[in-house]
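None of the values given here were measured: they were computed from a predicted structure.
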Amino acid sequence: MQQRLKSLYPRISLITISAVYLLILVGGIVRSTGAGMGCPDWPKCFGQYIPPTSVDELPGDYKEQYSQIRLKKNIRLSAMLNRMGMTELAYKITNDESVLEEGDFNATKTWIEYVNRLIGAVIGLLIFATVVSGFSYLKDRPVVFWTSFSAFILVGFQGWIGSIVVSTNLLPGIITFHMLLALVIVAFLIYAYQSSQEQSDFLKTNVDARLLSKVLMISMILYLVQVGIGTQVRELVDQIAVSLGQSARGQWIDELGLTFYIHRSYSLVILVLHIYMAYVMVRTMGLHGKDLILIKTIVLLISLEILSGALMAYFAIPAILQPVHLVVASLIFGMQFYMFCILTFRSNLQPKVA
């Protein structure tokens with residue numbers, strides 16, 4: 001039984017990682033369509049496990065009801081944040097009038113958000129399956145189990161953050177944290193998956209893995225700076241969308257200001273850095289095989305990310321490209337971290353030079 005679970009673990013973890021990326025895509029669709037408050041409560045949707053399809057199924061004062069429910073929840077949340085020393089955020093949650101604004105019922109937005117939650121629930125089950133199958137590694141490779149278990153705990157925390165996102169009516173900073181936490185979960189799952197692989201797989205090249213892992217670490221840090229700037233741009237887009245409306249998409253870019261131009265220019269720096277890094281890896285270090293495919297894929301994804309960003313800038317931020325831009329950005333981080341894991345394991349196995 002234990003051996004059977006071991007053989008299943010890599011497959012289950014890869015399915016789970018793919019499902020997390022699917023959730024990131026759907027989350028991007030939720031934001032680009034403005035469906036984040038399609039369900040004004042959590043975990044149910046309009047107090048039901050299966051959401052309504054018509055406003056006729058709701059009470060006449062449903063806006064007031066759910067606004068009051070959010071108010072009570074936010075008072076409790078604010079008290080907790082005050083105890084944690086996060087007084088500024090606590091004040092914003094309880095004093096920002098927009099937090100309690102309730103939109104009109106929209107069946108399409110409701111079901112988009114509902115599907116988002118369903119996929120999140122499925123991912124919770126999949127990660128639980130990785131924990132169960134990862135238990136078979138507890139004796140010989142405990143890091144597989146404990147990393148999987150940590151990802152499972154983080155998914156539960158992510159669900160709680162999701163409830164806060166709803167109760168605070170999509171407060172920008174919390175939405176960004178919700179997104180970044182998804183990337184942390186991806187990193188835990190990738191590390192657990194790579195830890196389950198046979199160690200001999202990491203000895204198929206003579207490349208100096210220690211040097212390469214350090215170079216990749218620097219590139220990852222610089223890329224995460226870009227992701228941070230990108231989240232700020234996205235928050236600005238959300239705020240402008242509320243103030244100008246969906247019909248004024250053509251004006252959104254003009255309102256973004258300096259942060260957008262920094263984000264756009266820095267993306268070219270990231271691309272040049274990775275092209276140069278790939279060149280050095282191939283010409284100087286003799287990179288080949290799986291490693292070469294990985295670095296080429298990363299460069300290709302960064303190019304695709306820049307292209308999708310340019311298309312959004314020149315074509316009034318079409319809603320269809322927003323989730324694409326988000327998913328590609330997440331894939332870049334995942335591929336970087338995956339390669340970093342491979343090189344880290346390899347460097348631990350290579351003999352150290354005196």
Is there a side-chain contact between Val115 and Ile119, using heavy atoms and a 4.5 Å cut-off? yes
Test: side-chain hydrogen bond (donor to acceptor under 3.5 Å, both in side chains). Region: residues 219-231. Which pairs qualify, not counting sequence neighbours? Gln226-His263
Rounded to the nearest 0.5 angstrom, the CG-CG distance for Leu25 and Asn116 is 10.0 Å
Interatomic distance, Met220 atom CE to Met335 atom CE [nearest 0.5 angstrom]: 12.5 Å
Students should find that the hydrophobic cluster of Val122, defined by side-chain heavy atoms under 4.5 Å apart, otherwise consists of Ile15, Leu126
Residue set satisfying side chain to side chain contact (heavy atoms under 4.5 Å, CB included) with Ile50, at least two apart, ordered chain then number -> Trp111, Tyr114
Pairs in or reaching into residues 257-277: which pass salt bridge (charged side-chain N to carboxylate O under 4.0 Å, His left out), with residues at least two apart or in two chains? none
For Ser303, which residues count as a side chain to side chain donor-acceptor pair (under 3.5 Å) partner, sequence neighbours excluded? none
From CD1 (Ile298) to CD1 (Ile295), nearest 0.5 Å: 4.5 Å
Quick one: list whatever passes side chain to side chain contact (heavy atoms under 4.5 Å, CB included) with Phe105, sequence neighbours left out. Phe46, Pro52, Val55, Leu58, Tyr62, Ala107, Thr110
Ile240 CD1 to Leu256 CG distance, which is reported to the nearest 0.5 Å: 4.5 Å
Find the distance between CG (Asn74) and CE (Met80) and round it off to the nearest 0.5 Å. 11.0 Å
Residue set satisfying side chain to side chain donor-acceptor pair (under 3.5 Å) with Tyr66, at least two apart, ordered chain then number -> none
The complete set of side-chain hydrogen bond (donor to acceptor under 3.5 Å, both in side chains) pairs with one or both residues in residues 117-134, sequence neighbours excluded, reads Glu113-Arg117
Leu14 meets the side chain to side chain contact (heavy atoms under 4.5 Å, CB included) criterion, sequence neighbours left out, with Tyr193
Can you find a side-chain donor-acceptor pair between Tyr9 and Ser148 that sits under 3.5 Å? yes
Report the residues that fulfil ring-ring contact (aromatic ring centres under 6.0 Å, His included) with Phe152, sequence neighbours left out, ordered by chain and then residue number. Phe128
Glu57: what forms a side chain to side chain donor-acceptor pair (under 3.5 Å) with it, not counting sequence neighbours? Thr53
Non-neighbouring partners of Leu311 that pass side chain to side chain contact (heavy atoms under 4.5 Å, CB included), sequence neighbours left out: Leu307, Phe315, Leu321
Of all the heavy-atom pairs spanning Phe333 and Leu183, show the shortest one and how long it is. CE2-O, 3.6 Å
